[in-house]
Amino acid sequence: MSEEKKSLNFIEQIIEDDLANGLTKDKLRFRFPPEPNGYLHIGHAASICLNFGLGLRYNAPVNLRFDDTNPAKEEQEYVDSIKYDVQWLGFKWDKELYSSDYFQQLYDWAVQMIKDNKAYVDNQSSEQMALQKGTPTEPGTDSPNRNSTVEENLALFAKMKNCELEEGSHVLRAKIDMKHVNMHMRDPIMYRILKRHHHRTGNDWCIYPMYDWTHGESDYLEQISHSICTLEFKSHRDLYDWYVDQVYDFSKLRPKQREFARRNLSYTVMSKRKLLQLVEEKIVSGWDDPRMPTISGLRRRGYTPESIRTFSETAGISKRDNVTDVALLEYCIKDDLNKTAPRVMAVLNPIKLVITNYPEDKEEWLTAENNQEDESAGSRKVPFSREIYIEKEDFKEEANKKFFRLSIGKEVRLKNAYIIKGESVVKDENGEITEIHCTYDTDSLSGSGTEASQRKVKGTLHWVSIKHAVKAEVRLYDRLFTEEAPDSQKDKDFKDFLNPDSLKIIAAFVEPSLKEANILDRFQFQRLGYFCVDKDTTKTHLVFNRTVPLRDSWTKMSG
RNA sequence: UGACCCAUGGUGUAAUGGUAGCACUCCGGUUUUUGGUAUCGUCAGUCAAGGUUCGAGUCCUUGUGGGUCAACCA
């Protein structure tokens, strides 16, 4: 097997360099650290694929660590959905861990820091502290509490911990440097009082550690070698390192934070805040609305885990701002489904077609391939009869020669069935066509091997037998926004760019084999697109979501 | 008016001082019982100016443009 040299992304490069400089491979360990305060989206998928991909590449463990230090926002529901999504994407974590597992250790270390005169309790208001913090261009000033004695601080911190003080009245701060050029180093808050029930620790604590104080120490405790996060944490790195310094034992591995650019997708928004807004304002039906860029939304839309992994891999990572074309994501799912999705026939915009020379009471069950790309997919039977539905768009009374479909006097193939010829139309009083009358070539049955069956006709239409057709609700989804980057337009709200046509619900007819379909089953509706069975489906009511339409070079050139 | 990060076709990425490549998109040809797929092809790029070097997308300087940082959020 020829070893094709795959280029490394910059994170892999860093790891290779570390390995070359003496870090041993067995020390490699990664983590994916979501906060359980919302649902995962395609941007998280990039991080998941990166971290777990690294684990696979280096045969190293990857922990799933919930960063649950803010009980005001976090819920078990989110923990469950995140676990489900990560495993659905196809990854296995080494350990399921929680930042809250380390609350006691963190507390003990904080006490030690107070003893070392490296932390102090501040009783100022957040407004006062903000004022003293300075600005990026002006240094801050010291808090009047900065020089409290160790004893005073210890006593106050104990009171904080014992729930004897009011929420918001006191915080523990690291004593670093109020004039530091990095705002994050100006005596950052380590603990705040929060009398909240925590989804795991219950009411054990009424002080909760802040992100910065928690994250690096958690990485250190888990001996994570490379702690990978997004770019907006770059300026936190100084603090991350400072905190690790406070507890670092030289015999242990020292974790390293590195940052990459978050993945943005065109025609959608990715921030949790905005996604939450879409849900709360009922612009979408929920976190798993098939138009949402959430993992659960994509799943319900019909995306496969494989396609999302391929997308992440193909898009790659770097450190520059990006808006990846959603067309790449769509390519990934079409490419996957083309190989795997069974082909079926469904008519979305039906018009009746009568084959006048086909016996009225006759019906045939014809053989149809399930997937031309995959012989092992086998075949099924589809019923054929005198009256069928075809798409309205597939007929025109008078044809221009580029129109490969049905018109009066012209022949087309009915997929898996016969060649038919347009003869006449029936119209209502408004001149609207209500029926198309055709004749069929009795010797032209697909696969029969006759000379007539091998005639080349320019067009092939899909169809369903009216007598056997099954009614189905079909939800046609389109992009949620009309702008590539809806949230980066100056002076405009992202909701100004909502696409009014992002969802169209239609009544369609599908072939009877689909009655057996299960929720989340994916199909190609031939000549139309990929569709999956929605969870709203019941025994008597089929609902399909359109995942993505097929490429359509006809409407492109004609329209 | 600070610090830090970033800048390669329309988009996303690669080239580790030595032929600017890959994928998507767009456009066109061939094949096709899906106007799909497959396949072939076309268009298209190193932000700018200096410098170092035999040689610079890559290193240095300056500029330009974009981004990040001042929650008791993560």
Side-chain angles (χ1 to χ4, degrees), chain A residues 6-9 13 16-17 33-35 37 67-70 72-74 122 125-126 129-131 133-140 167-173 180-184 186 189-194 207-208 210-212 214-215 229 231-238 259 261 263 266 272 314-332 334-335 338-339 343 345 369 372-373 402-405 412-417 419 446-447 453-462 484 524-529 549-558:
Chain A
K6 187 182 154 286
S7 60
L8 303 176
N9 65 47
Q13 190 57 246
E16 290 296 329
D17 289 348
E35 182 189 14
N37 69 341
D67 219 337
D68 57 348
T69 58
N70 185 1
K73 286 188 177 176
E74 296 150 7
D122 204 338
S125 69
S126 55
M129 290 197 293
L131 244 36
K133 196 136 198 184
T135 72
T137 54
E138 294 162 308
E167 220 177 273
S169 66
H170 293 72
V171 292
L172 183 72
R173 292 229 256 172
H180 202 288
V181 66
N182 184 341
M183 297 291 287
H184 296 284
R186 323 245 260 225
I189 293 173
M190 295 172 67
Y191 278 95
R192 76 287 209 186
I193 300 169
L194 232 39
I207 56 171
Y208 289 93
M210 301 290 286
Y211 165 83
D212 289 294
T214 308
H215 206 94
C229 61
L231 236 29
E232 64 269 27
F233 290 100
K234 177 67 213 293
S235 58
H236 293 241
R237 193 150 111 192
D238 288 341
E259 312 83 10
R263 172 87 26 217
S266 64
K272 266 186 197 169
T314 308
I317 59 151
S318 69
K319 291 174 77 167
R320 58 171 153 157
D321 294 336
N322 59 78
V323 181
T324 303
D325 195 337
V326 69
L328 180 61
L329 215 211
E330 292 173 344
Y331 167 78
C332 291
K334 281 188 276 192
D335 192 47
N338 177 50
K339 295 173 201 135
R343 271 60 171 169
M345 292 196 285
E369 285 177 292
Q372 296 86 326
E373 303 293 314
K402 279 190 167 169
F403 188 75
F404 301 165
R405 308 179 183 188
V412 292
R413 156 81 58 191
L414 289 175
K415 180 77 183 171
N416 302 128
I419 292 172
S446 291
S453 75
Q454 286 169 11
R455 268 163 53 214
K456 299 284 175 203
V457 289
K458 201 64 180 161
T460 301
L461 308 187
H462 60 275
E484 271 190 25
Q524 185 194 90
F525 288 1
Q526 285 189 114
R527 302 208 302 137
L528 298 172
L550 251 29
R551 200 164 111 199
D552 180 2
S553 45
W554 163 244
T555 47
K556 213 168 261 180
M557 68 187 259
S558 64

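Below, read A as the first sequence line, B as the second, and so on, with proteins coming before strands; counting in each chain starts at 1. This is a predicted model, so every value here is computed, not measured.
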**Student:** Counting only side-chain N and O atoms of A:S318, is one of them less than 4.0 Å from OP1 or OP2 of B:U13?
**Tutor:** yes
**Student:** Roughly, in whole Å, what's the span from CD in A:E373 to C1' in B:U33?
**Tutor:** 14 Å
**Student:** Classify the nucleic acid contact of A:Q13 as base, sugar-phosphate or nothing, counting any heavy atom under 4.0 Å across all strands shown.
**Tutor:** base
**Student:** May I ask you to say what A:I317 touches in the nucleic acid, namely base, sugar-phosphate or nothing, with a heavy-atom cut-off under 4.0 Å?
**Tutor:** sugar-phosphate
**Student:** What is the distance from CD of A:E232 to C1' of B:A74, rounded to the nearest Å?
**Tutor:** 9 Å
**Student:** Relative to the 5' end of RNA chain B, which residue comes earlier, A:D325 or A:K73, by the nucleotide with the nearest heavy atom?
**Tutor:** A:D325
**Student:** Starting at the 5' end of RNA chain B and moving along, which residue's nearest nucleotide shows up first, A:V181 or A:D67?
**Tutor:** A:V181
**Student:** Are the ring of A:Y331 and the six-membered base ring of B:A23 within the stacking cut-offs of under 5.5 Å and under 30°?
**Tutor:** no
**Student:** Can you figure out which of B:G36, B:C72, B:A70 approaches the side chain of A:L550 most closely?
**Tutor:** B:G36
**Student:** Provide the distance between the two P atoms, one in B:A56 and one in B:C47, to the nearest whole Å.
**Tutor:** 15 Å
**Student:** To the nearest Å, give me how far apart OH (A:Y191) and P (B:C73) are.
**Tutor:** 14 Å
**Student:** Show the nearest heavy-atom pair for residues A:V412 and A:V457, with the distance to one decimal.
**Tutor:** C-CG2, 3.9 Å
**Student:** From the options B:U34, B:C72, B:C69, select the nucleotide whose nearest atom is closest to the side chain of A:R527.
**Tutor:** B:U34
**Student:** Less than 3.5 Å between a donor and an acceptor, one on the side chain of A:Q372 and one on the base of B:U37, is that the case here?
**Tutor:** no
**Student:** Using a heavy-atom cut-off of under 4.0 Å over every strand shown, decide if A:N338 touches base, sugar-phosphate, or nothing.
**Tutor:** base
**Student:** Any stacking of A:Y211 on B:A74, going by centres under 5.5 angstrom and planes within less than 30 degrees?
**Tutor:** no
**Student:** Rounded to the Å, how far apart are A:H180 NE2 and B:C69 C1'?
**Tutor:** 13 Å
**Student:** Could you tell me how far B:G50 sits from B:G66 if I compare only their C1' atoms? Round to whole Å.
**Tutor:** 23 Å
**Student:** Could you tell me whether A:E138 contacts a base, only the sugar-phosphate backbone, or nothing, with contacts defined as non-hydrogen atoms closer than 4.0 Å?
**Tutor:** nothing
**Student:** The side chain of A:R405 is closest to which nucleotide in this list: B:G35, B:C4, B:G36?
**Tutor:** B:G35
**Student:** Ignoring backbone atoms, establish whether A:K456 has a side-chain N or O less than 4.0 Å from OP1 or OP2 of B:U33.
**Tutor:** yes
**Student:** Contact class for A:T324 (heavy atom, under 4.0 Å): base, sugar-phosphate, or nothing?
**Tutor:** sugar-phosphate
**Student:** I'd like to know if A:H184 reaches the base of B:A3 with its side chain, counting only an N/O donor and acceptor under 3.5 Å.
**Tutor:** no
**Student:** So if I apply the side-chain contact (heavy atoms from CB on, under 4.5 Å) rule between A:R343 and each of A:E369, A:E373, A:R527, A:H462, which one comes out positive?
**Tutor:** A:E373
**Student:** Please report the distance separating the C1' of B:U46 from the corresponding atom of B:G57, rounded so that it comes out in whole Å.
**Tutor:** 5 Å
**Student:** Would the base of B:U33 count as contacting A:R413 through its side chain, where contact means a donor and an acceptor less than 3.5 Å apart?
**Tutor:** yes
**Student:** With heavy atoms under 4.0 Å as the rule, sort A:F233 into base, sugar-phosphate or nothing.
**Tutor:** base
**Student:** Below the 4.0 Å mark, does B:G35 have OP1 or OP2 next to a side-chain nitrogen or oxygen of A:R551?
**Tutor:** no
**Student:** Tell me if the side-chain of A:R263 makes a donor-acceptor pair with the base of B:G12, cut-off 3.5 Å, by modelled atom types.
**Tutor:** no
**Student:** Taking N and O atoms by type only, does the side chain of A:E484 place a donor or acceptor under 3.5 Å from a partner on the base of B:G10?
**Tutor:** no
**Student:** Base, sugar-phosphate alone, or nothing: which one does A:E35 contact when heavy atoms must sit under 4.0 Å apart?
**Tutor:** sugar-phosphate
**Student:** Roughly how many Å apart are B:A23 and B:C69, using the P atom of each and rounding to a whole number?
**Tutor:** 36 Å
**Student:** Whether A:E259 and A:R237 form a salt bridge (side-chain N of Lys/Arg under 4.0 Å from carboxylate O of Asp/Glu) is what I want to check.
**Tutor:** yes
**Student:** Heavy atoms from C-beta onward define the side chain here; which of B:C69, B:C24, B:U34 lies closest to that of A:K415?
**Tutor:** B:U34
**Student:** So what does A:V323 touch, heavy atoms closer than 4.0 Å: a base, only the sugar-phosphate, or nothing?
**Tutor:** sugar-phosphate
**Student:** Which is true for A:M129 with a 4.0 Å heavy-atom rule: it touches a base, it touches only sugar-phosphate, or it touches nothing?
**Tutor:** base
**Student:** Looking for any heavy atom pair under 4.0 Å, which part of the strands does A:N416 touch: base, sugar-phosphate only, or nothing?
**Tutor:** base
**Student:** So, A:S266 side chain and A:V326 main chain: donor-acceptor pair closer than 3.5 Å or not?
**Tutor:** yes
**Student:** Where the side chain of A:D321 is defined as all heavy atoms beyond and including C-beta, which of B:A74, B:U11, B:G66 is the nearest nucleotide?
**Tutor:** B:G66
**Student:** Quick check for you: among B:G35, B:A15, B:A38, whose closest atom lies nearest to any side-chain atom of A:D335?
**Tutor:** B:A38
**Student:** Touch check for A:F525, heavy atoms < 4.0 angstrom, all strands: base, sugar-phosphate only, or nothing?
**Tutor:** nothing
**Student:** As a test of understanding, state which of A:K133, A:R192, A:R173 forms a salt bridge (charged side-chain N to carboxylate O under 4.0 Å, His left out) with A:D122.
**Tutor:** A:R173
**Student:** More than 12 heavy atoms of other residues, nucleotides or ligands under 6.0 Å from CZ of A:R551: yes or no?
**Tutor:** no
**Student:** With sugar-phosphate meaning primed atoms plus P, OP1 and OP2, does A:G447 contact a base, only sugar-phosphate, or nothing at under 4.0 Å between heavy atoms?
**Tutor:** base
**Student:** According to a strict under-4.0 Å criterion, is A:S553 in side-chain N/O contact with OP1 or OP2 of B:G36?
**Tutor:** yes
**Student:** So, A:N416 side chain and A:S446 main chain: donor-acceptor pair closer than 3.5 Å or not?
**Tutor:** no
**Student:** Strictly by Watson-Crick or wobble contacts shorter than 3.5 Å, is anything paired with B:U37, and which nucleotide is it?
**Tutor:** none
**Student:** Measuring from the side chain of A:R343 (C-beta onward, heavy atoms only), which nucleotide among B:U33, B:U34, B:A14 has the closest atom?
**Tutor:** B:U34
**Student:** Counting only side-chain N and O atoms of A:K319, is one of them less than 4.0 Å from OP1 or OP2 of B:C6?
**Tutor:** yes
**Student:** Taking the same atom, P, in B:U11 and in B:C26, what whole-Å distance lies between them?
**Tutor:** 15 Å
**Student:** Using whole Å, what does the distance between atom C1' of nucleotide B:A70 and atom CD1 of A:I189 come to?
**Tutor:** 12 Å
**Student:** Classify the side chain of A:Q454 versus the base of B:U33 as yes if they form a donor-acceptor pair under 3.5 Å and no if they do not.
**Tutor:** no
**Student:** Distance between the C1' atoms of B:A3 and B:G10, in whole angstroms?
**Tutor:** 34 Å
**Student:** Nearest to the A:F403 side chain among B:C72, B:G35, B:G67, which nucleotide is it?
**Tutor:** B:G35
**Student:** Using only side-chain N and O atoms of A:R192, determine if any of them is under 4.0 Å from OP1 or OP2 of B:A74.
**Tutor:** yes
**Student:** Examine the side chains of A:Q524 and A:Q372 and answer whether a donor and an acceptor come within less than 3.5 Å of each other.
**Tutor:** no
**Student:** When rounded to the nearest Å, what value does the distance between C1' atoms of B:U53 and B:G18 take?
**Tutor:** 12 Å
**Student:** Would one find a side-chain N or O of A:T69 under 4.0 angstrom from OP1 or OP2 of B:A74?
**Tutor:** yes
**Student:** Counting side-chain heavy atoms from CB outward, which of B:A70, B:C24, B:G35 is closest to A:L328?
**Tutor:** B:C24
**Student:** Does any N or O donor sit under 3.5 Å from an N or O acceptor when you compare the side chain of A:S446 with the base of B:U33?
**Tutor:** yes
**Student:** Do any N or O atoms from the side chain of A:E138 and from the backbone of A:G134 form a donor-acceptor pair under 3.5 angstrom?
**Tutor:** no
**Student:** Looking only at atom C1', what distance separates B:U25 and B:G45, rounded to whole Å?
**Tutor:** 15 Å
**Student:** Indicate whether any N or O donor in one side chain lies under 3.5 Å from an N or O acceptor in the other, for A:D238 and A:H184.
**Tutor:** no
